Every structure is written in structure tokens, then in C-alpha cells.
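Read through the structure below, which is laid out as C-alpha cells, and then see the notes.
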Amino acid sequence: MELANMISVPMSLNAAVRLGIADAIWNGGDNSPLSAAEILPRLLSSDTTIAGDSENLQRILRMLTSYGVFSEHLAGSVERKYSLTDVGKTLVTDSGGLSYAAYVLQHHQEALMRAWPLVHTAVVEPETEPYVKANGEGAYAQYGKCEEMNGLMQKAMSGVSVPFMKAILDGYDGFKSVEHLVDVGGSAGDCLRMILKQFPNVREGINFDLPEVVAKAPKIHGVTHMGGDMFQSVPSGDAIFMKWVLTTWTDEECKQIMKNCYNALPVGGKLIACEPVLPKETDDSQRTRALLEGDIFVMTIYRTKGKHRTEEEFMELGLSAGFSTFRPFYIDYFYTILEFQK
């Protein structure tokens with residue numbers, strides 16, 4: 001029954017983001033427990049003609065409480081009140097206008113939702129992605145054509161990149177010897193901006209992505225935005241950085257990307273890839289479930305043979321591209337740093 005009704009979870013989370021519940025409760029850092037009746041006016045403050053329904057709001061709050069997004073406070077009263085957990089706080093808009101909220105919205109756009117009833121076709125007709133069957137063309141092609149989709153993707157990637165990069169900068173020192181750093185698939189350049197700020201030895205950063213992506217990237221001191229195709233070539237640098245790039249491609253495509261990175265590096269240079277890494281054995285931990293859920297997302301939306309991989313599978317890809325050494329660094333709950341040296 002739980003699995004059959006599981007769609008209630010992401011759709012309620014999507015509703016919570018669209019309503020702005022996290023920001024309403026957070027209230028500039030107050031995070032005081034509030035009832036649904038107290039939260040509702042804050043959600044509708046811009047339109048006083050709408051009364052809203054606090055009971056239905058409470059149903060969403062209570063369900064998401066069971067998944068750790070909110071904390072419930074009864075305190076002997078029949079009235080339920082809610083505050084944000086650490087998970088819920090990731091949906092709060094920060095001073096830069098970012099949060100995980102855009103990531104939630106990006107995953108639940110209408111075009112992506114149309115693909116999910118077709119997941120089974122990835123088994124019987126793996127040559128075409130469910131997303132393509134539902135929409136007539138690939139997701140990245142649509143992002144490039146639709147300004148709204150592309151903008152939401154950039155905001156989503158920025159929202160998840162900032163906290164992840166903080167974990168990297170706190171737990172990984174592999175940028176200390178780098179002067180020229182290339183970020184392949186760098187989107188808006190947020191990762192490079194944070195790396196250059198933390199490591200002043202990095203004198204030049206190149207944000208390399210599709211031309212239509214970097215065309216909208218903001219100006220960042222020390223960073224050059226460069227458009228191109230990573231399957232053709234990659235700009236040269238002392239080190240090449242990429243985050244969640246290899247996951248969305250097949251093994252052969254990954255080998256081509258990594259070979260182009262290898263060719264762009266000097267002897268002793270390194271590729272620093274940040275990817276979800278599957279455990280060798282399957283268990284029911286929250287981390288394993290999140291990784292495997294992401295794997296099905298990739299199969300459905302981006303490439304039927306793109307996938308999350310194990311540490312051993314990444315090592316084999318790196319060796320096949322010519323890299324001589326491989327080291328993994330487990331410094332984040334979801335992503336792993338994979339260091340390949342030439």
C-alpha cells in the first residue's frame with residue numbers, strides 16, 4: 001500500500017514548494033512552530049481574495065512530517081503545529097535566492113511527468129528514452145529551446161551545487177596545486193566561483209558548457225565562459241572538474257568524454273569527477289534508496305543506458321580512457337569525488 005501510494009510524497013513536496021511553506025515557517029530564521037491556520041495567511045498574503053483551506057494544508061504538512069520534512073508539535077493541545085527539520089530547511093530561500101526548491105520543481109515539470117508512465121518501455125524498447133517517447137525529443141534538446149526550462153534547470157543546479165561545494169571545500173584539498181581549472185558542464189559557473197574564492201592559487205577558471213547554457217551565465221571574476229561540445233574536445237587545464245556529468249551518459253559516451261579530458265590534461269594533471277556512487281550491495285538505507293531512485297530518474301528522463309555506477313565501474317572507465325591512477329573520496333552524503341590522474 002505504501003509503494004502503491006508513494007506518488008503522494010513527491011507530489012505533496014512539489015505542492016509545498018509551490019505554496020512556499022518552508023519560507024513561510026522559517027520567517028527569517030524564526031522557525032517557530034505554526035499551525036496550518038497560522039501558516040495559510042502567509043501563503044496567501046499576496047492575494048487576499050483567496051480564502052484557502054487550512055485543513056487540506058494540514059494534511060500535506062502531516063504527511064511530509066512522516067518523511068522528515070517538518071516536525072510536529074502537539075504539546076498537549078489538539079492543535080498541531082509545525083516547524084522545519086534540517087531537511088525542510090534545505091527548501092528555504094537563502095540570501096542568494098537559492099534552495100533545493102528549484103530542484104524539486106525541475107524534477108516535476110509537466111514534460112518530465114509525462115515520461116513516468118512509460119518507464120516500462122526502457123526495458124522493452126531501450127533504444128529510446130521514455131522522455132523522448134512522451135515528448136518527441138530529448139530533455140536536453142528541450143532545455144535548449146525553452147527559456148523557462150533552461151532557467152529552471154540552471155537554478156536547480158545552482159541550488160544543489162552550493163551546499164555540495166561547501167562539503168567539497170571543507171573536505172577535499174585536491175585544488176591546492178591547480179592554477180588553471182576547467183569545469184565541464186559547469187552551467188552558471190557557481191562551482192568555479194566558490195572554488196576560486198576558497199583557493200586563490202587557481203588563477204583562471206573556464207566554465208565549459210553548451211553554447212546556449214553559457215550564453216545566459218552571469219559574469220564571474222576570474223572565470224571565462226566557453227561554449228562547446230565535450231564529445232568533440234575539452235579546453236586544456238591543469239585539472240578538469242565535473243559534477244553529475246558522467247551519470248547521464250552510456251559507458252561508451254563516458255569513455256569518449258573522459259578520453260577528451262585525458263587529452264586536455266598535462267602529464268600529472270587530473271580529472272576530478274563528482275558523481276553518485278552506488279554501493280556494491282543493495283540495502284534499504286536512505287542513502288542507497290536515494291541513489292537507486294536517482295538511477296531510475298536518469299534511465300527515464302535522460303538516457304536509458306545512462307546510469308549511476310559503482311566505484312569499480314568508474315575505475316574501469318577511467319583506466320580505459322588512459323588514466324593511470326584512481327582515488328575515491330567519500331566526503332558528501334550523496335556525491336563522491338572520483339580523482340583520475342594522468
Side-chain angles (χ1 to χ4, degrees), residues 9-109 148 151-170 187-191 193-194 197-198 218-221 286 290 332-334:
V9 182
M11 292 300 95
S12 293
L13 184 65
N14 190 65
V17 169
R18 289 185 177 279
L19 290 167
I21 294 174
D23 283 337
I25 296 175
W26 184 244
N27 193 28
D30 185 22
N31 199 29
S32 297
L34 299 172
S35 68
E38 292 171 324
I39 296 170
L40 188 62
R42 299 185 181 188
L43 307 182
L44 306 176
S45 59
S46 60
D47 191 343
T48 56
T49 64
I50 299 177
D53 192 311
S54 60
E55 181 183 9
N56 286 347
L57 174 59
Q58 178 172 278
R59 293 163 73 180
I60 292 173
L61 289 163
R62 191 174 186 187
M63 201 284 295
L64 290 176
T65 294
S66 74
Y67 280 88
V69 180
F70 304 107
S71 292
E72 188 177 72
H73 306 266
L74 289 175
S77 171
V78 294
E79 186 178 47
R80 302 176 188 273
K81 294 194 174 187
Y82 300 90
S83 62
L84 298 176
T85 63
D86 286 342
V87 172
K89 290 174 186 176
T90 66
L91 302 174
V92 174
T93 306
D94 66 13
S95 58
L98 299 176
S99 73
Y100 267 70
Y103 186 81
V104 174
L105 295 179
Q106 194 276 330
H107 273 49
H108 300 111
Q109 296 174 88
E148 182 180 354
L152 184 56
M153 168 60 88
Q154 283 204 356
K155 190 170 183 179
M157 290 300 97
S158 296
V160 299
S161 292
V162 170
F164 170 65
M165 286 306 301
K166 289 178 179 177
I168 283 187
L169 297 175
D170 289 341
S187 190
D190 293 285
C191 293
R193 174 177 52 80
M194 297 179 71
K197 183 177 180 180
Q198 179 83 4
K219 290 184 178 180
I220 302 173
H221 179 70
Q286 189 179 48
D332 178 74
Y333 185 79
F334 191 73

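On a predicted model such as this, the values are computed, not experimentally measured, just so you know. Just so you know, these numbers use all the heavy atoms, side chains as well, and skip hydrogens, waters and symmetry mates.
- When the side-chain contact (heavy atoms from CB on, under 4.5 Å) test is applied to T90, the partners found at least two apart in sequence or on another chain are Y100.
- Scored by the side-chain hydrogen bond (donor to acceptor under 3.5 Å, both in side chains) test, T65 finds no partners at all (sequence neighbours excluded).
- Inter-residue side-chain proximity for L61 and I39 is flagged as met; some heavy-atom pair is nearer than 4.5 Å.
- Legend: residues meeting salt bridge (charged side-chain N to carboxylate O under 4.0 Å, His left out) with D30, ordered by chain and number and at least two apart, are absent.
- Taking F164 as the reference, Y335 meet the ring pair (Phe, Tyr, Trp, His ring centres under 6.0 Å) condition, with sequence neighbours excluded.
- Every residue two or more places apart in sequence or in another chain that forms a side-chain hydrogen bond (donor to acceptor under 3.5 Å, both in side chains) with T93 is listed here: D23.
- In this structure, the side-chain contact (heavy atoms from CB on, under 4.5 Å) partners of S161, at least two apart in sequence or on a different chain, are C191, K243.
- Scanning all heavy atoms of the two residues, the minimum distance from P218 to A188 falls at CD-O, 3.5 Å.
- Using a 4.5 Å heavy-atom cutoff, the side chains of E72 and Y82 are in contact.
- Taking each heavy atom of S35 and K81 in turn, the nearest pair found is N-CG, 3.7 Å.
- With sequence neighbours left out, the side-chain contact (heavy atoms from CB on, under 4.5 Å) criterion links K166 to V162, M194.
- Looking at every heavy atom in both residues, P163 comes nearest to G159 through CD-O, 3.2 Å.
- Looking at residues two or more places apart in sequence or on another chain, you find no salt bridge (charged side-chain N to carboxylate O under 4.0 Å, His left out) involving K155.
- Of all non-hydrogen atoms in L34 and I25, the two that sit nearest each other are CD1-CA, 4.2 Å.
- Annotation: side chain of M165 is not in contact with side chain of D190 (no heavy-atom distance under 4.5 Å).
- Closest heavy-atom contact between L43 and A24: CD2-CB, 3.7 Å.
- Not counting sequence neighbours, the partners of R59 by the side-chain hydrogen bond (donor to acceptor under 3.5 Å, both in side chains) test are N56.
- Listed by chain and number, the residues in a side-chain contact (heavy atoms from CB on, under 4.5 Å) with V104 are L13, N14, V17, L91, H108 (sequence neighbours excluded).
- The CD atom of Q286 lies 11.0 Å from the OH atom of Y67; values are rounded to the nearest 0.5 Å.
- With sequence neighbours excluded, the residues forming a side-chain hydrogen bond (donor to acceptor under 3.5 Å, both in side chains) with Q106 are Y143, listed by chain and number.
- Side chain of S83 to main chain of S32: no donor-acceptor pair is present (N/O by atom type, distance under 3.5 Å, no hydrogens or angles).
- Closest non-hydrogen pair, L57 versus A36, comes out as CD2-O, 3.5 Å.
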